[in-house]
> 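Encoded as structure tokens, here's the structure I'll be asking about.
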Amino acid sequence: MAAPSMGGVSLPRGNGQTVRLPRGASLTDLAERINAQPAALVTALFHLGEMVTATQSVNDETLQLLGAEIGWVIQVVSPEDEDRELLETFDLTFGDEESSDEDDWDIRPPVVTVMGHVDHGKTKLLDALRHANVAAKEAGGITQHIGAYQIVTELEGNERPVTFIDTPGHESFTAMRARGAKVTDIVVLVVAADDGVMPQTVEALNHAQAAEVPIVVAVNKIDKEGANPAKIRQQLTEYGLVAEEYGGDTMFVDVSATTRQGLDDLLAAILLTADASLDLRANVGQDPQGVVIEGKLDKGRGPVATVLVQRGTLRQGDSIVAGDAYGRVRSLLDEHGNKLKEALPARPVQVVGLTSVPRAGDTFLVVEEDRIARQIADRRQARIRNAQNASMRKRISLEDLDAALKETRQLNLIIKGDNSGTVEALEEALMKIEVSDDISLRVIHRGVGGITKSDIDLALADDVIVLGFNVRAEGQATELAAREGVDVRYYTVIYQAIEEIEAALKGMLKPEYEEVQLGTAEVREVFRVPRIGNVAGSLVRSGTIVRNSKARLVRDGAVVADNLTVESLRRFKDDATEVREGYECGIGLGSFNDIKIDDVIQTFELREKPRA
């Protein structure tokens, strides 16, 4: 049955039927699902005040608006569901598949995520636990990407491995912290005893509670002056964390990363919480699956992904697909760079052999053939590209058409970083910068690794600023950028990048002016001067009358003429540059002659307003 005509366009009426579409789908995709002509959908959307081409990626709201108009319920498939449907086409699944064979199930180590406010000592605590020094390698002492490590401790005489994930503490990495909470079994919430509960402490706690995982609180820096562990316990009761000694079920451990006090107690608390609250077993016989913790481009080894195996056993030679990257596992390395033959569940391991760098948070799985891995990766890549195109497209209504056709200014960026998580977090932080509706920010390319000649070529074509985060331009890229004047900026701390790009956006804004009144003069007499016209004999009532300043003429409280100029200014027979309050003068307003006694001449200038 056809829908009512919309400007001569007839469309099949859905009568409330549901049609599922991937994120970033085009009108052509929708037309295929509902057996309609793409041109008809373009016209229908035009009548609704939206202008979209048939092949353009469309955002979720626009699709649902169109669907409601023609009687279809548009259901935009989430990336997770879309991925699941994609895998089902290859007879694959991602998730917990229980095996009837109990021999396939084995006890696995707990995966612990360390979270908390910036500068509360999360990374130093991990340093102390694994006898390493990560913080010294981080710019500004801030962890700017996720690291994963496994350590072995003893509990009741038995050796027990524990996997730690260190998440960044800066607020711009909220998305990465959320990912950390999703792959974890237990969260260690680090709170400085001399500082107390801070905004990011609460933020981290919310992520952990949303993931419904047990929490162990490490009260750090108890060796510092002013440390008050009891205050921390009291503050956290407001957020539902009640210490065991207060009758609650949350374990609080007082520690010092500097003096190593309480570290054994913290490890024991983690293992006891795991044993009491969780059934930590995994299917080691299943096809390997897991999540990407971070990815980077290594000069010698190419794309390297740090992955956390969640089920199955990952082995050298497996065909793997991680997000939109694929390849064959050439080698497996632990956090110290030692080669491994296999990685069991809850083991973080570096994978070498992928075709590109996957994004932090991507899922990985092992398939039978390289061909299948490549097909899955290609489809994922197309899906990600469509979703990005849809999110970048600004909605343009008919009312906005005039403004849209005018020149709108856009700052184009290329972001290159040392690992995928950092690039993604930086892009997310930059896209949140809001300056003005007529200024937009667009990331035309992002990638992992050094700045290459092709990046500079792209920057030349589109007038782009290139951001290098912990990476540099080398060789030909440096020479080309210097020769062509491409703006390449290097950063090691995310705060600086955000501040400079925000300043650059504000610099692109058209200047705003405000009117500043200079003076007023009352007309006492009007003189007719040959070849000049009428001149107002005036008394300056306030301020200063300045020659060549802007002026308006006011009569009986109403503006008679605006946008005038004080073209001549005289004191008696002499020309004057300015005349102050209380003095008489002759004012000529150029060709404007409609001047009468008792009129008021107001002079002013336009000054550029400083932007906040």
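Keep in mind it's a predicted model, so treat the numbers as computed, not measured. Because only heavy atoms are used, hydrogens play no part in the values below, and waters and symmetry mates are left out as well, while side chains stay in.
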> Are Val253 and Leu263 side-chain neighbours, meaning at least one heavy-atom pair lies under 4.5 Å?
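No, every pair of side-chain atoms sits at 4.5 Å or beyond.
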
> Taking the side chain as everything from C-beta on, heavy atoms only, tell me whether Arg301 gets closer than 4.5 Å to Val304.
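Arg301 vs Val304: side chains touch.
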
> Does Lys453 form a salt bridge (charged side-chain N to carboxylate O under 4.0 Å, His left out) with Asp457? I'd like the steps, not just the answer.
CA-CA 6 Å; Lys453 183 175 177 292; Asp457 288 337; 3.4 Å; yes

> Tell me every residue that passes side-chain hydrogen bond (donor to acceptor under 3.5 Å, both in side chains) with Asp334, counting only those two or more places apart in sequence or in another chain.
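So Asp334 forms a side-chain hydrogen bond (donor to acceptor under 3.5 Å, both in side chains) with Asn338.
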
> Sequence neighbours left out, what passes salt bridge (Lys or Arg N to Asp or Glu O under 4.0 Å) with Arg472? Give chain and number order.
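Per chain and number, Arg472 pairs via salt bridge (Lys or Arg N to Asp or Glu O under 4.0 Å) with no residue.
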
> Counting C-beta onward and ignoring hydrogens, is there a side-chain heavy-atom pair between Val366 and Val329 closer than 4.5 Å?
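When only atoms from C-beta onward are counted, Val329 and Val366 do not touch, as no gap falls below 4.5 Å.
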
> Around atom CG of Asp249, are there more than 12 heavy atoms from other residues, nucleotides or ligands closer than 6.0 Å?
no

> Does Ile107 have more than 12 heavy atoms from other residues, nucleotides or ligands lying within 6.0 Å of its CD1?
no

> Side chain to side chain contact (heavy atoms under 4.5 Å, CB included) for Ile215 and Leu205? Distances and angles first, verdict last.
CA-CA 9 Å; Ile215 298 170; Leu205 178 58; 3.5 Å; yes

> What distance separates Leu458 CG from Ile414 CD1, expressed to the nearest 0.5 Å?
4.0 Å

> Among all residues two or more places apart in sequence or in another chain, which pass the salt bridge (Lys or Arg N to Asp or Glu O under 4.0 Å) test with Arg374?
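Here no residue qualifies.
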
> Which distance, rounded to the nearest 0.5 Å, do you find between the CE of Met251 and the CG of Asp265?
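Reported value, rounded in 0.5 Å steps: 8.5 Å.
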
> To the nearest 0.5 Å, what is the distance between CD1 (Ile165) and OG1 (Thr184)?
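Rounded to the nearest 0.5 Å, the CD1-OG1 separation comes out at 5.5 Å.
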
> Begin with the C-alpha distance, continue with both residues' side-chain angles, and end with the deciding distance and a verdict on side chain to side chain contact (heavy atoms under 4.5 Å, CB included) for Val111 and Leu308.
CA-CA 9 Å; Val111 179; Leu308 180 72; 3.9 Å; yes

> Heavy-atom distance under 4.5 Å between the side chains of Lys296 and Gln350, does that happen here?
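They are in side-chain contact.
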
> Keeping the roles fixed (side chain from Ser420, backbone from Pro358), state whether a donor-acceptor pair exists under 3.5 Å.
yes

> So which pairs with a foot in residues 343-354 pass salt bridge (Lys or Arg N to Asp or Glu O under 4.0 Å), sequence neighbours left out?
Glu335-Arg347

> Strictly distance-based, threshold 3.5 Å: is any side-chain N or O of Thr355 a donor or acceptor partner for the main-chain N or O of Tyr326?
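Here the side-chain-to-backbone pair exists.
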
> With Glu156, which residues qualify under side-chain contact (heavy atoms from CB on, under 4.5 Å), at least two apart?
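Glu156 satisfies side-chain contact (heavy atoms from CB on, under 4.5 Å) with no other residue.
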
> Can any side-chain N or O of Arg328 pair as donor or acceptor with the backbone N or O of Gly317 at less than 3.5 Å?
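Here the side-chain-to-backbone pair exists.
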
> Lys416: which residues meet the salt bridge (Lys or Arg N to Asp or Glu O under 4.0 Å) condition with it, sequence neighbours left out?
Asp455

> Say you draw a straight line from CG of Leu236 to OG1 of Thr250; how long is it, rounded to the nearest 0.5 Å?
8.5 Å

> Any idea which heavy atoms bring Leu189 and Gly116 closest together, and the distance?
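Smallest heavy-atom distance, with atoms named: CD1-CA, 4.2 Å.
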
> Among all residues two or more places apart in sequence or in another chain, which pass the side-chain contact (heavy atoms from CB on, under 4.5 Å) test with Leu297?
Pro303, Val357, Val448

> Is the shortest heavy-atom distance from the side chain of Ile151 to the side chain of Pro161 under 4.5 Å?
no

> Taking all non-hydrogen atoms of both residues into account, name the closest pair between Ile376 and Val367 and its distance.
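That would be CD1-CG1, 4.2 Å.
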
> Determine whether Leu332 and Leu314 make a side-chain contact, defined as any pair of heavy atoms from C-beta on separated by less than 4.5 Å.
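Of all side-chain heavy-atom pairs linking Leu314 with Leu332, at least one is under 4.5 Å.
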
> Looking only at heavy atoms, which two atoms of Ala429 and Ile498 are closest? And how far apart?
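Taking Ala429 first and Ile498 second, the nearest heavy atoms are CB-CD1, 3.8 Å.
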
> Looking at CD1 of Ile415 and CG of Leu426, how far apart are the two atoms once the value is rounded to the nearest 0.5 Å?
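Going from CD1 on Ile415 over to CG on Leu426, the span is 4.5 Å.
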
> Can you confirm whether the side chains of Asp370 and Ser319 place a donor and an acceptor under 3.5 Å from each other?
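Yes, Ser319 and Asp370 have a side-chain donor paired with an acceptor closer than 3.5 Å.
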
> Under a 4.0 Å threshold between the charged nitrogen and the carboxylate oxygen, would Asp106 count as salt-bridged to Arg281?
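Answer for the salt bridge query: no.
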
> How would you list, by chain and number, every residue that makes a side-chain contact (heavy atoms from CB on, under 4.5 Å) with Arg315, sequence neighbours excluded?
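Counting only residues at least two positions away or on another chain, Arg315 forms a side-chain contact (heavy atoms from CB on, under 4.5 Å) with Thr313, Asp318, Glu342.
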
> Does some side-chain heavy atom of Phe164 sit less than 4.5 Å from a side-chain heavy atom of Val114?
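Yes, side chains in contact.
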
> Heavy atoms, side chains only, cut-off 4.5 Å: are Leu430 and Leu413 in contact?
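Leu430 reaches Leu413 side chain to side chain.
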
> Who are the salt bridge (Lys or Arg N to Asp or Glu O under 4.0 Å) partners of Asp275, not counting sequence neighbours?
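With neighbours one apart ignored, the set is Arg160.
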
> What's the verdict on side chain to side chain contact (heavy atoms under 4.5 Å, CB included) for Val112 and Val187, showing C-alpha distance, side-chain angles and the deciding distance?
CA-CA 6 Å; Val112 180; Val187 162; over 6 Å; no

> Write down the atom of Ala346, the atom of Gln150, and the distance for their closest heavy-atom approach.
O-NE2, 3.3 Å

> What are the two closest heavy atoms between Val292 and Ala305, and how far apart are they?
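Where Val292 meets Ala305 most closely, the heavy atoms are CG1-CB, 4.5 Å.
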
> Between Thr273 (side chain) and Ala269 (backbone), is there a donor-acceptor pair under 3.5 Å?
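Such a contact is found between Thr273 side chain and Ala269 backbone.
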
> Who pairs with Glu159 by side-chain hydrogen bond (donor to acceptor under 3.5 Å, both in side chains), at least two apart in sequence or on another chain?
none

> How close do Ala257 and Asn220 get, heavy atom to heavy atom, and via which atoms?
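Scanning both residues, the minimum pair turns out to be N-OD1, 3.3 Å.
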
> Out of curiosity, Leu21 CG to Leu27 CG, how far, rounded to the nearest 0.5 Å?
10.0 Å

> Go through the steps to decide whether Val202 and Val197 satisfy the test side chain to side chain contact (heavy atoms under 4.5 Å, CB included), and finish with yes or no.
CA-CA 7 Å; Val202 179; Val197 175; 3.8 Å; yes

> Looking at residues at least two apart in the chain, or sitting in another chain, which of them share a side-chain hydrogen bond (donor to acceptor under 3.5 Å, both in side chains) with Thr153?
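Not a single residue meets the side-chain hydrogen bond (donor to acceptor under 3.5 Å, both in side chains) criterion with Thr153.
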
> Go through the structure and list residues passing side-chain contact (heavy atoms from CB on, under 4.5 Å) with Gln75, not counting sequence neighbours.
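Per chain and number, Gln75 pairs via side-chain contact (heavy atoms from CB on, under 4.5 Å) with Thr18, Arg20.
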
